[in-house]
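Encoded as structure tokens, the structure appears first; notes follow it.
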Amino acid sequence: MAASPAAPPILVADDQSDVLEALKLLLKGEGFEVEAVASPRGVLAAVDKRDFDALLIDMNYARDTTSGSEGLDLLARLQALDAPPPVVVMTAWASIDGAVEAMRRGARDFIEKPWDNRRLLATMRTQVELGRALRKSQRLEIENRTLRREGLPELIA
């Protein structure tokens, strides 16, 4: 019997513990390995420690904040990484402008709270597949450059 593929590691970030618990239960039940954090600082620390196939991040973390600026700033910092994973943003304060700005800054999709379980699961599966394909492509490109000896001198003595 062939070994089943490893559970896709995803990172979920939200400042509300009940939202994190609901997302962990939903996503773990569908075969994802879920790590949860409650702040932008937690997101950055987690992605510094390990690779994730996808991230699901909230747009607002401070109490009574609805601008989405915290999420947009976090998104920009994530996109500055060498190989950023696909990021899906989520908010209860959805607006067309907010969604467009998040996508402009690198988000792959936008989920509105309260979420539809089927849509959220389908979105995360798609982003996991995309993340894995992007990493495989990057590895192959590095291997090809090495095989073509790009950047290396013609003769080493």
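Remember, predicted model here, so these are calculated numbers, not experimental data.
Every residue meeting the side chain to side chain donor-acceptor pair (under 3.5 Å) condition with Glu101, not counting sequence neighbours, appears here in chain and number order: Arg104, Arg105.
Heavy-atom neighbours of Arg118 CZ from other residues, nucleotides or ligands within 6.0 Å: at or below the threshold of 12. No more than 12 heavy atoms of other residues, nucleotides or ligands shown are found within 6.0 angstrom of CZ on Arg41.
Between the Glu70 side chain and the Tyr61 main chain, a donor and an acceptor come within less than 3.5 Å of each other.
Ile111 contributes atom CD1, which lies 7.0 Å from atom CG of Leu56 (distance to the nearest 0.5 angstrom). Within the model, atoms CG of Leu121 and CG of Leu26 stand 4.5 Å from one another, a figure rounded to the nearest 0.5 Å. Taken from CD in Glu35 to CG in Leu11, the straight-line distance is 6.0 Å, to the nearest 0.5 Å. Taking CD from Gln138 and CG from Leu134, the interatomic distance works out to 6.5 Å, rounded to the nearest 0.5 Å. Here CD of Glu30 is found 10.5 Å from CG of Leu120. Values are rounded to the nearest 0.5 Å.
In this structure, Gln79 and Val87 have side chains that are in contact, with non-hydrogen atoms separated by less than 4.5 Å.
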task: Kindly determine whether Phe32 and Val128 satisfy side chain to side chain contact (heavy atoms under 4.5 Å, CB included), including the steps that lead there.
output: CA-CA 10 Å; Phe32 293 98; Val128 163; 3.7 Å; yes
- prompt: Going through the distances and angles, do Arg135 and Arg132 end up as a side chain to side chain contact (heavy atoms under 4.5 Å, CB included)?
  reply: CA-CA 5 Å; Arg135 276 197 305 284; Arg132 287 180 171 181; 3.9 Å; yes
field: Worked verdict on Asp58 versus Lys113 for side chain to side chain contact (heavy atoms under 4.5 Å, CB included)
entry: CA-CA 10 Å; Asp58 192 22; Lys113 293 181 194 174; 3.3 Å; yes
- prompt: Would Val47 and Phe52 count as a side chain to side chain contact (heavy atoms under 4.5 Å, CB included) if you check the C-alpha gap in whole Å, the side-chain angles of each, and the deciding distance to 0.1 Å?
  reply: CA-CA 7 Å; Val47 297; Phe52 293 95; 4.0 Å; yes
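Checking Val89, Leu130, Thr126, Thr123 one by one against Arg108, the side-chain contact (heavy atoms from CB on, under 4.5 Å) holds for a single residue, Leu130. No option in Leu55, Leu20, Ile57, Val19 other than Leu20 meets the side-chain contact (heavy atoms from CB on, under 4.5 Å) test with Val12.
The hydrophobic cluster containing Met103 does not contain Leu72, counting ILVMFWY residues as joined when their side-chain heavy atoms lie under 4.5 angstrom apart, directly or transitively. By the rule that hydrophobic residues join a cluster once side-chain heavy atoms approach within less than 4.5 Å of another member, Leu81 and Leu75 end up as members of one cluster. Note on Leu44: it clusters hydrophobically with Met59, by side-chain heavy-atom contacts below 4.5 Å among ILVMFWY residues.
Note on Glu33 versus Lys28: no salt bridge recorded, every NZ/NE/NH1/NH2 to OD/OE distance being 4.0 Å or above. Salt-bridge formation is not detected for the pair Asp14/Lys24: no Lys NZ or Arg NE/NH1/NH2 atom is positioned less than 4.0 Å from an Asp or Glu carboxylate oxygen. One finds a salt bridge joining Arg119 and Asp109 here, because a Lys/Arg side-chain nitrogen approaches an Asp/Glu carboxylate oxygen to under 4.0 Å.
Met124 and Ala54 make their closest contact through CE-CB, 4.0 Å (heavy atoms, listed as atom of the first residue, atom of the second, distance). Across every non-hydrogen atom of Gly31 and Ala7, the tightest pair is O-CB, 3.2 Å.
For residues 81-90, no pair satisfies salt bridge (charged side-chain N to carboxylate O under 4.0 Å, His left out), with sequence neighbours left out.
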